[in-house]
Amino acid sequence: MTPAAAHYTSTGLDNKKLAFWAFIGSECLLFGSLISTYLVYKGRSVSGPTPHEILNIPVTSVSTFDLLMSSLAMVLALAAVSRGDKVWARFWLGTTAFLGLVFLGFQYYEFTSFVREGLTIKTNLFGSTFFTLTGTHGAHVAVGVLLLLTLLVRSFQGKLGPEKAINVEVTGLYWHFVDVVWIVIFTVVYLIQ
Amino acid sequence: MSDHAGNASGSHPGTGTYLAIAAVLLIITIVEVGVFYVPAFKPILAPVLLTLSGVKFSLVVMFYMHLKFDHPLFRMIFTLPLLLALGVAIALMFLFGAFGLNG
Amino acid sequence: MATATQLSAPHDSGRSGLWSWITTTDHKRIGILYGVSAFVFFLIGGLEALFIRLQLARPDNTLVSAETFNQLFTMHGTTMVFLAIMPLSAAFFNYIVPLQIGARDVAFPRLNAFSYWVFLLGGLFLNASFLVGAAPNGGWFGYVNLTSRQYSPGLNIDFWVLGLLVLGIASLAAGFNFIVTIINLRAPGMRMMRLPVFTWMTLITQIIVVTAFPVITVGLVFLMFDRFFGTTFYSLAAGGDLLLWQHLFWLFGHPEVYILILPAMGIVSEVLPTFSRKPLFGYAVVVYSGALIGFMGWGVWAHHMFAVGLGPIADSVFGATTMLIAIPTGVKIFNWLATMWGGQVRFTTAMLFAMGFIAMFVIGGLSGVMHSNPPADLQQTDTYFVVAHLHYVLFGGAIQGLFAGIYYWFPKMTGRLLNEKLGKVHFWVTFLGMNLAFFPMHFIGLLGMPRRIYTYRPELGVETMNLVSTIGAHIIAVALLVFIYNVWRSWRRGEVAGNDPWEGATLEWTIPSPPPDYNFTVIPEVVSRLPRWSVTQMKAIPDVPPEPIHVPGGSYWPVVAALGIIGMATGAVAHALWIVLLSGAVLIFSIYRWAFEPFEG
């Protein structure tokens with residue numbers, strides 16, 4: 001099997017990209033189940049803080065903006081890698097990772113203030129479902145940040161040329177999906193109480 | 001031949017498009033938060049917010065994730081589980097009495 | 001590690017010994033690993049069944065305690081579903097699918113190895129619970145709040161939850177792998193509607209896997225969080241709803257039964273045409289009905305919950321959807337029968353098992369559709385009537401289908417035929433045993449004997465039938481011994497098979513038995529659905545590769561990653577955070593090394 005034939009695919013589509021879309025489809029069911037549970041248990045806590053009392057819309061709006069802007073940065077990073085622009089590739093990859101870390105910072109702040117105000121993962125149904133749902137999302141963001149930093153390091157090692165753009169594209173798919181899940185969470189958990 | 005980012009089969013949005021979409025996302029989010037705070041919107045809060053976030057969702061998926069321009073197979077691979085998840089969520093809400101029906 | 005043109009012994013590339021098996025990324029070897037491991041677990045699950053049946057052979061029996069009995073039926077179910085049927089199917093996915101589509105391997109060979117090792121370690125982890133006297137005991141379906149910390153304070157359910165989470169990872173990884181493989185690695189000319197039905201059923205099964213497993217993952221995580229961190233998901237005191245578990249479990253659990261049966265249906269769809277010397281009747285319909293079953297399988301889950309009080313609307317809806325799903329299933333039966341009708345039928349062992357599948361699965365399907373009626377099900381549910389149903393479809397159906405596959409493809413994998421005389425003994429003794437074991441259960445159940453009880457009173461009047469059932473179970477065991485002997489004898493001394501002992505129609509029969517490392521000397525150009533049977537013959541495949549074929553070497557990172565995962569589970573069950581963290585670090589480290597290791601897949 002020559003190297004050219006090694007890249008032959010029946011559909012002309014890249015294996016990694018196909019695999020990642022299948023993975024994203026699977027994740028729809030994962031987050032779908034978590035969000036369903038949150039919705040099903042909404043308003044059923046018998047005690048403890050309620051969403052209305054404790055959720056901070058202004059602060060969360062800012063973190064939502066942050067994540068949306070990180071998607072922009074991601075898309076610009078991909079474009080830069082594809083055209084072989086090392087400087088901008090590193091800038092945008094770094095920016096995306098940074099914005100991701102900022103989002104995580106906001107989550108850390110939110111989680112710790114909730115705990116201080118009496119809402120933990122054990123307190124009531126709201127606490128259990130909220131922290132599990134947003135915590136799972138946050139864990140996904142953290143993994144995404146790790147992926148981005150890995151790409152950044154590879155770029156600095158000179159190993160992220162246009163021929164490796166598929167890796168950036170696939171990381172981008174993951175990152176945008178995580179953003180899109182947050183869009184749903186922000187609406188369904190924070191705005192529609 | 002592997003599908004190479006940047007040599008996509010369809011057309012490829014430029015930086016301008018990406019920035020425009022980012023701006024739209026920003027504006028919609030501001031509107032959403034605004035709708036949240038305006039008491040007059042209370043009765044139609046849910047449908048309005050769901051519609052607006054649906055638009056954001058679609059924009060990110062179609063443009064940033066490039067689904068609009070990519071092979072239809074990707075669209076199918078994403079949409080099928082998405083609709084399934086939606087169906088499961090709605091079914092569970094019915095079963096737990098969310099829409100006033102007793103399960 | 002490049003391998004030059006093989007002129008002699010194509011499969012002997014100097015890669016022998018334990019290390020070559022541990023680091024293998026070859027789909028054929030991985031298939032064999034799955035098959036052997038799954039069969040051993042199948043025997044363990046069978047032993048558990050024998051103990052169950054011995055305890056129930058007489059009323060008021062005292063062979064095992066109630067607590068032990070709970071562990072036996074829990075592990076029997078969990079083992080048979082996750083450690084026997086699924087990996088036996090996976091053995092065939094791995095070995096056969098790349099051959100049927102004309103590929104050299106799967107899309108992600110190291111991920112494939114990873115799936116196997118995670119499965120094996122997960123299965124060992126689950127069974128290790130016996131060593132600490134704390135095997136899972138809450139049923140294979142783990143209903144809360146019995147399985148909550150309050151009512152199950154021991155390690156039993158911790159083993160169960162963590163074991164299933166680990167096994168889920170293996171299944172998901174394989175799911176993505178095979179979806180990409182089947183869509184993207186087909187030989188030129190192998191259009192989707194030219195795929196062998198077994199490959200189609202594999203694809204549909206993997207789509208079900210990657211959509212259904214996340215749901216049970218979430219349900220299990222909730223239970224794990226409740227047990228470990230005191231969350232309230234299944235807490236009545238906090239206003240939680242115990243039915244949440246049941247919904248999440250069965251949203252997975254029902255698609256799971258289609259995961260269990262579709263591959264076997266695929267095997268039957270290959271075996272029947274070959275031994276009827278006639279193409280499958282209504283190929284497209286069989287494919288579409290498989291897809292329909294996979295899709296509709298998402299709409300029936302609450303038929304496992306007809307006794308919990310869902311209300312008339314939900315009961316009616318799920319009753320209706322359940323009746324509807326019998327339609328695509330029935331369609332397949334007619335297509336199979338029509339395939340045999342007018343054909344030149346050869347009654348090989350594989351064919352007997354395939355025909356046995358049809359007969360037993362129809363019986364199981366009939367009792368199944370009886371459950372679909374909520375009022376009737378109120379009498380049947382949680383009784384032996386359901387146990388009868390599920391064993392007819394899973395043993396009479398899936399297991400027989402898998403045995404058909406073994407007799408059919410054993411020659412391809414080993415180069416030798418299984419002995420037909422012994423095979424027929426295996427078949428007929430199994431047939432007798434399974435009907436003796438499971439048919440009386442219909443009556444036992446309707447007479448009122450519940451499931452999952454360790455004993456019963458003589459007044460119930462089911463004593464004789466229980467004894468008959470126990471005898472039947474032991475007859476199955478005897479049949480299995482015959483089979484094991486057959487395999488042991490035939491592996492080295494069976495009749496030599498050659499490329500195509502059965503005059504099959506599909507691509508796997510064009511290459512040597514066993515195939516060389518690289519499978520095909522040149523990737524075939526497919527011009528029809530039945531390449532070896534059609535009038536338009538495809539270009540002959542040369543005996544020797546025209547140019548050197550590079551076959552990737554092995555890798556140990558998949559094993560290390562798998563060890564990291566099982567380490568995390570072990571640390572969790574031991575409540576030792578440092579083990580969890582250390583194993584997590586091993587996992588992350590191995591993923592990085594895996595990602596950056598030079599590997600030409």
Side-chain angles (χ1 to χ4, degrees), chain A residues 1-3 5-38 40-41 43-48 120-133 135-136 143 146-147 150 153-154 157 159 167, chain C residues 101 103-104 107-108 111 172 175-177 179-188 190-192 206-207 209-219 221-222 225-226 229-233 235 237-241 244 247-248 251-252 518 523 545 547-551 588 592 595-596 600-601:
Chain A
M1 193 160 51
T2 64
H7 291 302
Y8 166 82
T9 61
S10 316
T11 55
L13 305 172
D14 184 274
N15 282 345
K16 259 189 243 183
K17 189 166 167 177
L18 192 59
F20 256 83
W21 272 112
F23 174 69
I24 286 171
S26 180
E27 291 257 270
C28 286
L29 271 303
L30 187 89
F31 280 105
S33 306
L34 287 166
I35 293 172
S36 298
T37 303
Y38 180 87
V40 151
Y41 273 168
R44 296 196 189 200
S45 296
V46 298
S47 65
T120 68
I121 200 173
K122 297 163 42 153
T123 310
N124 55 9
L125 292 177
F126 171 52
S128 294
T129 53
F130 174 82
F131 282 109
T132 305
L133 171 60
T136 304
V143 168
L146 261 171
L147 288 172
T150 307
V153 166
R154 294 296 277 184
Q157 290 175 332
K159 295 192 186 154
N167 295 334
Chain C
I101 64 175
R104 291 236 157 83
F108 305 107
L111 189 67
L172 282 165
F176 299 126
N177 214 343
I179 289 173
V180 176
T181 301
I182 294 172
I183 292 180
N184 246 7
L185 264 58
R186 289 166 285 139
M190 176 67 80
R191 292 185 233 137
M192 292 302 288
Q206 303 309 330
I207 294 173
V209 164
V210 305
T211 43
F213 268 85
V215 182
I216 194 177
T217 301
V218 167
V221 165
F222 288 168
F225 276 19
D226 271 15
F229 306 129
T231 49
T232 59
F233 292 104
S235 160
D241 194 332
L244 177 67
H247 282 293
L248 290 175
L251 271 164
F252 153 79
Y518 46 77
I523 301 295
E547 52 180 27
I549 300 176
H550 168 73
V551 177
I588 295 177
Y592 268 98
F596 297 124
E600 191 65 51

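Numbered from 1 within each chain, the chains take letters A, B, ... in sequence-line order.
- Using a 4.5 Å cut-off between heavy atoms, A:Phe23 touches chain C through backbone and side chain atoms alike.
- For the set A:Val40, A:Leu34, A:Thr37, the count of heavy-atom pairs under 4.5 angstrom toward chain C peaks at A:Thr37.
- For the atom pair C:Phe233 CZ and A:Ser128 OG, the distance stands at 5.0 Å (nearest 0.5 Å).
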Check the pair A:Tyr8, C:Ile523 against side chain to side chain contact (heavy atoms under 4.5 Å, CB included), reporting the backbone distance first and the verdict last. CA-CA 11 Å; A:Tyr8 166 82; C:Ile523 301 295; over 6 Å; no

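- For C:Phe213, no part lies under 4.5 angstrom from a heavy atom of chain A.
- At a 4.5 Å heavy-atom cutoff, the contact between C:Phe176 and chain A is made by side-chain atoms alone.
- Using bins of under 30°, 30° to 60° and over 60° for the plane-to-plane angle, the ring pair C:Phe225/C:Phe229 lands in the perpendicular bin.
- Taking the six-membered ring for Trp and thresholds of 30 and 60 degrees, C:Phe596 and C:Tyr592 have ring planes inclined between 30 and 60 degrees apart.
- Here the CG atom belonging to C:Leu185 is positioned 10.0 Å from the CG atom belonging to A:Leu18, to the nearest 0.5 angstrom.
- C:Asp226 does not touch chain A: none of its heavy atoms, backbone or side chain, sits under 4.5 Å away.
- The structure places CZ of C:Arg186 at 10.5 Å from CZ of C:Arg191, a figure rounded to the nearest 0.5 Å.
- The distance from atom OG of A:Ser36 to atom CG of A:Leu133, rounded to the nearest 0.5 Å, is 10.0 Å.
- Contacts between A:Thr129 and chain C at a heavy-atom distance below 4.5 Å involve backbone atoms as well as side-chain atoms.
- Chosen from A:Thr11, A:Leu125, A:Asn124, the residue pairing most often with chain C at heavy-atom distances under 4.5 Å is A:Leu125.
- Here CG of A:Asn167 is found 13.0 Å from NZ of A:Lys159. Values are rounded to the nearest 0.5 Å.
- By number of non-hydrogen pairs under 4.5 angstrom with chain A, the leading residue of C:Asn177, C:Ile183, C:Thr181 is C:Ile183.
- With a 4.5 angstrom heavy-atom cutoff, C:Leu244 touches chain A only via side-chain atoms.
- With a 4.5 angstrom heavy-atom cutoff, C:Leu172 touches chain A only via side-chain atoms.
- Heavy-atom distances place the backbone of C:Ala237, and not its side chain, under 4.5 Å from chain A.
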